[in-house]
Novice: 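Okay, here's the structure, questions in a sec.
We name chains A, B, ... by the order of the sequence lines, and we start the count at 1 in each one.
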Protein chains: 4
Amino acid sequence: MINRVVLVGRLTKDPDLRYTPSGVAVATFTLAVNRAFSNQQGDREADFINCVIWRKPAENVANFLKKGSLAGVEGRIQTRSYDGQDGKKVYVTEVVADSVQFLEPRNASGNQGGSFNGNQQNQGFNAGNPFEAPSQKPSFNDDPFGGTSKTIDITDDDLPF
Amino acid sequence: MINRVVLVGRLTKDPDLRYTPSGVAVATFTLAVNRAFSNQQGDREADFINCVIWRKPAENVANFLKKGSLAGVEGRIQTRSYDGQDGKKVYVTEVVADSVQFLEPRNASGNQGGSFNGNQQNQGFNAGNPFEAPSQKPSFNDDPFGGTSKTIDITDDDLPF
Amino acid sequence: MINRVVLVGRLTKDPDLRYTPSGVAVATFTLAVNRAFSNQQGDREADFINCVIWRKPAENVANFLKKGSLAGVEGRIQTRSYDGQDGKKVYVTEVVADSVQFLEPRNASGNQGGSFNGNQQNQGFNAGNPFEAPSQKPSFNDDPFGGTSKTIDITDDDLPF
Amino acid sequence: MINRVVLVGRLTKDPDLRYTPSGVAVATFTLAVNRAFSNQQGDREADFINCVIWRKPAENVANFLKKGSLAGVEGRIQTRSYDGQDGKKVYVTEVVADSVQFLEPRNASGNQGGSFNGNQQNQGFNAGNPFEAPSQKPSFNDDPFGGTSKTIDITDDDLPF
DNA sequence: TTTT
DNA sequence: TTTT
């Protein structure tokens with residue numbers, strides 16, 4: 001049984017970072033991936049793919065990516081269902097990311113970097129590799145319930161570990 | 001923009017083969033892909049991933065795969081929406097397969113092969129490679145509107161070419 | 001930076017299991033992956049792809065796979081070089097597997113299973129998922145230096161952790 | 001039989017464009033893909049992966065990519081051998097690309113774009129999709145034997161079609 | 001609504 | 001023989 005996905009696209013909005021009641025970080029975001037071909041009207045459409053990422057990489061995503069960021073995602077397709085407010089089951093298909101790669105040059109979008117940076121090119125960071133600690137230490141929100149972070153109704157049953 | 005998916009799993013039902021009004025074959029099927037890990041109850045769950053394949057490979061899929069067949073899929077994730085009968089938009093995420101690989105040994109499921117076959121191992125066939133004609137010529141349904149095949153309401157706008 | 005490989009093919013020989021001086025298991029094997037297209041002589045060629053896998057999954061591979069086994073591999077391409085016996089550098093390109101999937105039905109190749117098994121189909125095992133312990137406990141060689149296992153000249157520098 | 005590779009990395013040199021005696025374009029280049037983890041000395045190493053691409057996309061690669069360009073590659077691993085000048089067989093493992101994606105912002109590396117461009121972000125082009133014609137028409141070298149292009153000793157047997 |  |  002193999003289930004592997006690789007995506008490169010742009011975030012449609014800022015990522016949404018939340019925490020489970022037990023304090024596990026989850027970020028969700030949607031990647032717009034332009035299709036390689038045009039439709040019959042001659043337009044190139046995009047697929048809008050919902051992605052989820054857990055734990056530390058979720059915080060990296062929330063800290064480094066924003067609307068419009070070019071990102072690479074490796075993960076797997078997950079399907080799940082829940083009971084909608086109208087009583088019928090809602091089926092969801094999304095990508096659970098193992099790692100997210102920041103592919104934007106450091107100061108590409110003006111207001112992102114702030115200070116000038118002679119090194120125009122991005123080194124990348126791997127948001128999901130368990131072996132790697134990001135070298136540039138961002139001020140992560142270490143208290144999952146503090147700050148502006150919201151708690152959400154996700155049970156730990158949703159956790160892949 | 002990269003959008004690549006590789007799956008190996010089992011068909012949950014026989015594939016469904018239809019034809020567009022202009023005679024293009026489309027097969028749809030769902031792959032059950034067992035997860036590599038167990039949930040907190042200790043059970044291994046599966047993802048049920050809807051797949052679509054077009055044209056000749058669609059007919060190959062319909063001819064060679066059935067409920068329970070082990071298959072490999074290469075393709076991309078597609079998102080689309082349509083207006084549901086209750087008036088609100090329904091969002092769909094599915095895999096559009098470029099190729100489907102038959103991974104079952106030739107006579108694995110008893111009633112499949114029928115006669116004994118000295119060559120126990122499956123060589124596979126590539127259902128979606130444009131360069132390759134399947135060497136074993138199956139009796140394809142050459143008239144898209146004949147036989148038991150159904151016509152469906154898919155406009156050619158859905159075609160990726 | 002993304003580097004992802006998915007392969008399904010057959011082992012050209014029994015896997016080779018060794019241990020580093022510090023006792024870490026490494027298995028190597030070659031996967032023959034038939035091409036989807038034929039060459040100009042009308043033959044379908046194969047690619048012979050060298051694979052490496054480390055630690056517990058290496059032992060699973062050695063215990064469950066053998067010449068001819070159908071296997072799925074997920075991993076990344078690694079390049080490295082060493083000094084050949086003629087003094088010049090030898091460049092190597094191989095796949096470092098994260099996980100190996102056994103895709104063979106349980107008693108497909110006769111001498112494998114032995115006793116009859118009503119459940120003809122393989123459940124698969126994921127040889128490289130860190131979260132998953134194989135449910136069927138094989139008699140793993142717990143002493144890396146015992147048994148018929150060989151020690152090899154690989155320094156821990158080759159380890160990806 | 002599945003053989004799928006996805007890479008994102010940087011070209012180590014300008015691509016090398018050649019033509020077969022029968023006039024088919026082939027570009028070769030090496031992608032440096034930084035590893036997600038550091039070695040025991042604390043350095044992040046890279047894999048240097050040789051890639052080949054044929055026909056029109058080969059010309060796109062030669063026209064749009066250069067040393068240092070960030071690129072995405074989709075393709076398959078190919079192994080082949082030839083007789084080295086010392087009489088012994090040389091084994092080669094490389095990636096045959098179906099498509100190459102230009103991931104660099106339009107004017108990232110100064111001397112590339114030239115004039116200022118309000119649209120800072122790159123839309124990408126898909127160098128290998130048979131359905132897609134690049135919208136920005138570059139001055140392709142339509143005569144394979146003209147210009148500075150070299151002819152090489154590759155027989156058509158190497159062509160995947 | 002799910003496969004082995 | 002390697003990129004940022």
Novice: Between E:dT4, F:dT2, F:dT3, which nucleotide has the shortest distance from any of its atoms to the side chain of D:T30?
Specialist: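 Among the listed nucleotides, the one closest to the side chain of D:T30 is F:dT2.
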Novice: Whole Å only: how far is the CD1 atom of A:I2 from the P atom of E:dT3?
Specialist: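 So the CD1-P distance, A:I2 to E:dT3, works out to 21 Å.
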Novice: Tell me, please, which residues at least two apart from A:T93 pass side chain to side chain donor-acceptor pair (under 3.5 Å).
Specialist: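 Here no residue qualifies.
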Novice: Within the distance-only criterion (no hydrogens, no angle test), does the side chain of B:N39 pair as donor or acceptor with the backbone N or O of B:D43 below 3.5 angstrom?
Specialist: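 At least one qualifying donor-acceptor pair exists.
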Novice: Send over the distance from C:R80 CZ to F:dT2 P, rounded to a whole Å.
Specialist: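 Interatomic distance, CZ of C:R80 to P of F:dT2: 17 Å.
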Novice: Test of understanding: with side chain to side chain donor-acceptor pair (under 3.5 Å), list the residues that count as partners of B:D47, not counting sequence neighbours.
Specialist: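 If we apply the side chain to side chain donor-acceptor pair (under 3.5 Å) test to B:D47, skipping adjacent residues, the hits are A:R76, B:R35.
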Novice: Does A:K89 reach a base, just sugar-phosphate, or nothing at all? Heavy atoms under 4.0 Å.
Specialist: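 The answer is sugar-phosphate, as A:K89 gets under 4.0 Å only of primed atoms, P, OP1 or OP2.
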Novice: For the residue pair B:I49 and B:T30, establish whether any side-chain heavy-atom pair is separated by less than 4.5 Å.
Specialist: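 They are not in side-chain contact.
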Novice: Provide, to the nearest angstrom, the distance between the OH atom belonging to A:Y91 and the P atom belonging to E:dT2.
Specialist: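 Whole-Å distance recorded here is 6 Å.
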Novice: Picking from F:dT3, E:dT2, E:dT4, which would you name as closest to the side chain of B:N34?
Specialist: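 Closest nucleotide among those given: E:dT4.
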Novice: If I take atom CZ in residue D:R10 and atom C1' in nucleotide F:dT3, what distance separates them, rounded to the nearest angstrom?
Specialist: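 Taking CZ of D:R10 and C1' of F:dT3, I get 7 Å after rounding.
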Novice: Quick one: B:L11 CG to E:dT2 P, roughly how many Å, whole number?
Specialist: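 So the CG-P distance, B:L11 to E:dT2, works out to 16 Å.
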Novice: Round to a whole Å and report the spacing from CG of B:L31 to C1' of E:dT4.
Specialist: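 It is 13 Å, rounded to the nearest whole Å.
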Novice: B:K13 has an atom NZ; how far is it from atom P of E:dT4, in whole Å?
Specialist: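 The answer, rounded to whole Å, is 14 Å.
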Novice: Whole angstrom is fine here: how far is it from NZ in C:K88 over to P in F:dT1?
Specialist: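 Going from C:K88 (NZ) to F:dT1 (P), I get 12 Å.
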